[in-house]
**Q** 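Submitted below is the structure of interest, expressed as structure tokens.
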Amino acid sequence: MAVHTEVTDAIGSWDLKSEAKVIWLYNRLIIDGLIQRPISMVKISERKLEISHVEAKQFKNLGPAQTKQWRNELDTEYQASGLRDADIRWIKELSHDQMFLCWLYVATTYGKKRKDESKKSPWSELYEYYPLKFYDADAESANNLAFDYLSLGLESNPATKEGLLSNILDFVSILHPSFEVKRDYLIGLKAKVNEASVCDYFKFAEDGSLNQIKWLWSYLRKTQKMPGQIADSMEKHGLSRIYGAFHLWGRDSQFKNEIIRLAKAAYKNSVEVSSGGRKARVNLTLSTEVKELLEDLAGGSRYKSQFVENLILNAKRNAK
């Protein structure tokens, strides 16, 4: 049953069935100063509610005719420059590793000011965009930058996969007033994901504890000088953080293979030292069905060892 309000009775309901449109419109209203940028993730249902509140205020201040015109102008702008659900669907289907890589790519995208400052757009200024460089925030001069991820008010440290997704979608929605620029950016982003999907980085650390993964991140950052300052405080993302930063590191495969060799040796030594020799590797042969069931019950392939260890200890306690 449709909900009728003073606004909908006067000028009809706004079509907000498309998630991509809601994301675009929400960010567009933030740019116009009609909504404040939140400090954490806001669900689509909550965004729709805030958009409705803005519309009600516009109706009160402008009246029905001008509010309808305002809404029609935004609809026209969205049709010309907004992404569609089909454009962002693949991002929503990514694994945690792939999602973090996408977020890191987005979070290290920056724009430089145009030489021709006379050109204007509905978005206050028009920028030249150079999305292909991965950079460490403290090493980049901000003098000639028009914007970067953090300057747009997006979350600096999303703690969950859902938070990563929300900020990715917000960023690509407001990246540029041109649909073609957004589309080309997404093509480049997807290419990075596809490129990384055939790489098997750091398989040796899949069963590592949180502390061991944190050690590996520190080793790569401090000893091997891998870029990634923007993700230094994001240890909750575990090995996904290393996967993303290492893949975006702009070095050739020969260099990276050598880093992996050195990291594997250092990691093995670190694990043996930290465990005091109490860890031993065991090879098991399982059916495909049982292997998949083990990964499912453990919550992922990197947690299998801890899960099996807990099962054995529980079985021993129950046998007493």
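Atoms considered below: every heavy atom in the structure, side chains included; atoms not considered: hydrogens, waters and symmetry mates.
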**Q** Of all the heavy-atom pairs spanning Glu50 and Ile35, show the shortest one and how long it is.
**A**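 Scanning both residues completely, I find the closest heavy atoms to be OE1-CG2, 3.5 Å.
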
**Q** Let me check something: do Val54 and Leu62 share a hydrophobic cluster, defined by ILVMFWY side-chain heavy atoms less than 4.5 Å apart, either directly or through other members?
**A**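 No; Leu62 is not reachable from Val54 via cluster members.
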
**Q** Return the minimal non-hydrogen interatomic distance between Tyr201 and Lys256, and the atom names on each side.
**A**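 In this case the closest contact between Tyr201 and Lys256 is OH-NZ, 4.2 Å.
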
**Q** Check whether the ring centres of Trp103 and Phe171 lie less than 6.0 Å apart, and answer yes or no.
**A**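 Ring centroids of Trp103 and Phe171 are no less than 6.0 Å from each other.
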
**Q** Is there a chain of hydrophobic side chains (I, L, V, M, F, W, Y, each step under 4.5 Å between heavy atoms) that links Val172 to Met41?
**A**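 In one cluster: no.
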
**Q** Just checking Gln36: does its CD atom have more than 12 heavy atoms from other residues, nucleotides or ligands closer to it than 6.0 angstrom?
**A**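 12 or below, so no.
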
**Q** Does atom CD1 (Ile39) have a neighbourhood of more than 12 heavy atoms from anything else shown, all under 6.0 Å?
**A**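 At most 12 heavy atoms, drawn from other residues, nucleotides or ligands, come within 6.0 Å of this atom.
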
**Q** Tyr243: which residues meet the ring-ring contact (aromatic ring centres under 6.0 Å, His included) condition with it, sequence neighbours left out?
**A**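 Once residues adjacent in sequence are excluded, Tyr243 has no partner under the ring-ring contact (aromatic ring centres under 6.0 Å, His included) criterion.
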
**Q** Ring centroids only, cut at 6.0 angstrom: are Phe59 and Trp70 within range, meaning strictly under it?
**A**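 Not close enough - the centres of the two rings lie 6.0 Å or further apart.
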
**Q** Assigning hydrophobic clusters by single linkage (Ile, Leu, Val, Met, Phe, Trp, Tyr; side-chain heavy-atom cutoff under 4.5 Å), is Ile51 placed with Leu49?
**A**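 No; tracing contacts between hydrophobic side chains, which count when under 4.5 Å, never links both residues.
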
**Q** Would the Tyr105 and Tyr185 ring centres measure less than 6.0 Å apart?
**A**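 Yes, they do, as the ring centres are separated by less than 6.0 Å.
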
**Q** Below 6.0 angstrom between ring centroids: does that apply to Tyr267 and Tyr219?
**A**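 Centroid separation for Tyr267 and Tyr219: 6.0 Å or greater.
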
**Q** When you measure from the side chain of Lys225 to the backbone of Leu220, do you find a donor-acceptor pair of N or O atoms at a distance under 3.5 Å?
**A**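 Checking the backbone N and O of Leu220 against the side chain of Lys225, no donor-acceptor pair under 3.5 Å is found.
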
**Q** State, with a plain yes or no, whether a side-chain heavy atom of Ser95 is found less than 4.5 Å away from one of Gln98.
**A**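 Sidechains of Gln98 and Ser95: in contact.
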
**Q** Ring of Phe204, cation from Lys268 - is the NZ or CZ under 6.0 Å from the centre and inside 45° of the axis?
**A**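 Geometry flag: not set, cation outside 6.0 Å or 45°.
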
**Q** Could you walk me through whether Asp32 and Arg28 satisfy the salt bridge (Lys or Arg N to Asp or Glu O under 4.0 Å) test, starting with their C-alpha distance in whole Å, then the side-chain angles of each, then the deciding distance to 0.1 Å, before giving a yes or no?
**A** CA-CA 6 Å; Asp32 286 345; Arg28 186 67 176 84; 2.5 Å; yes

**Q** Tell me the closest heavy-atom pair linking Glu55 and Thr67, and the distance in Å.
**A**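 Closest pair (atom of Glu55, atom of Thr67, distance): O-CG2, 4.2 Å.
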
**Q** Grab the two heavy atoms, one from Cys102 and one from Val193, that are nearest each other, plus how far apart they are.
**A**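 What the structure gives for the nearest pair is SG-CG2, 3.4 Å.
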
**Q** Please answer: with hydrophobic residues joined when any side-chain heavy atoms are less than 4.5 Å apart, are Ile242 and Leu262 in the same cluster?
**A**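 Yes, because Ile242 and Leu262 connect within a single hydrophobic cluster, where side-chain heavy atoms sit under 4.5 Å apart.
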
**Q** The test is side-chain contact (heavy atoms from CB on, under 4.5 Å); show your working for Leu169 and Leu83 and say whether it passes.
**A** CA-CA 10 Å; Leu169 296 182; Leu83 297 170; over 6 Å; no

**Q** Which atoms form the tightest heavy-atom contact between Met234 and Leu164, and what is the distance?
**A**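 Smallest heavy-atom distance, with atoms named: CE-CD2, 4.2 Å.
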
**Q** With sequence neighbours left out, write down each residue that passes ring-ring contact (aromatic ring centres under 6.0 Å, His included) with Trp90, or none if nothing qualifies.
**A**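 Counting only residues at least two positions away or on another chain, Trp90 forms no ring-ring contact (aromatic ring centres under 6.0 Å, His included).
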
**Q** Is it possible for you to check whether Arg47 lies under 6.0 Å from the centre of the six-membered ring of Tyr26, through NZ or CZ, and within 45° of that ring's axis?
**A**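 Satisfied, under 6.0 Å and within 45°.
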
**Q** Using the rule that two of Ile, Leu, Val, Met, Phe, Trp, Tyr join whenever any of their side-chain heavy atoms come within less than 4.5 Å, decide whether Ile44 and Trp14 are in one cluster.
**A**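 Hydrophobic grouping puts Ile44 with Trp14.
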
**Q** Tell me, please, which residues at least two apart from Arg84 pass salt bridge (charged side-chain N to carboxylate O under 4.0 Å, His left out).
**A**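 Arg84: no salt bridge (charged side-chain N to carboxylate O under 4.0 Å, His left out) contacts found.
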
**Q** Would you call Asp232 and Arg221 a salt bridge, using N to O less than 4.0 angstrom?
**A**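 Result for this pair is yes, salt bridge flagged.
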
**Q** Identify the two heavy atoms, one from Asp97 and one from Leu239, that lie closest to each other, and give their separation to 0.1 Å.
**A**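 In this case the closest contact between Asp97 and Leu239 is OD1-C, 4.5 Å.
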
**Q** Working note: Glu258 + Arg261, criterion salt bridge (Lys or Arg N to Asp or Glu O under 4.0 Å); need CA distance, chi angles, decisive distance, verdict.
**A** CA-CA 5 Å; Glu258 177 62 12; Arg261 186 188 69 79; 2.7 Å; yes

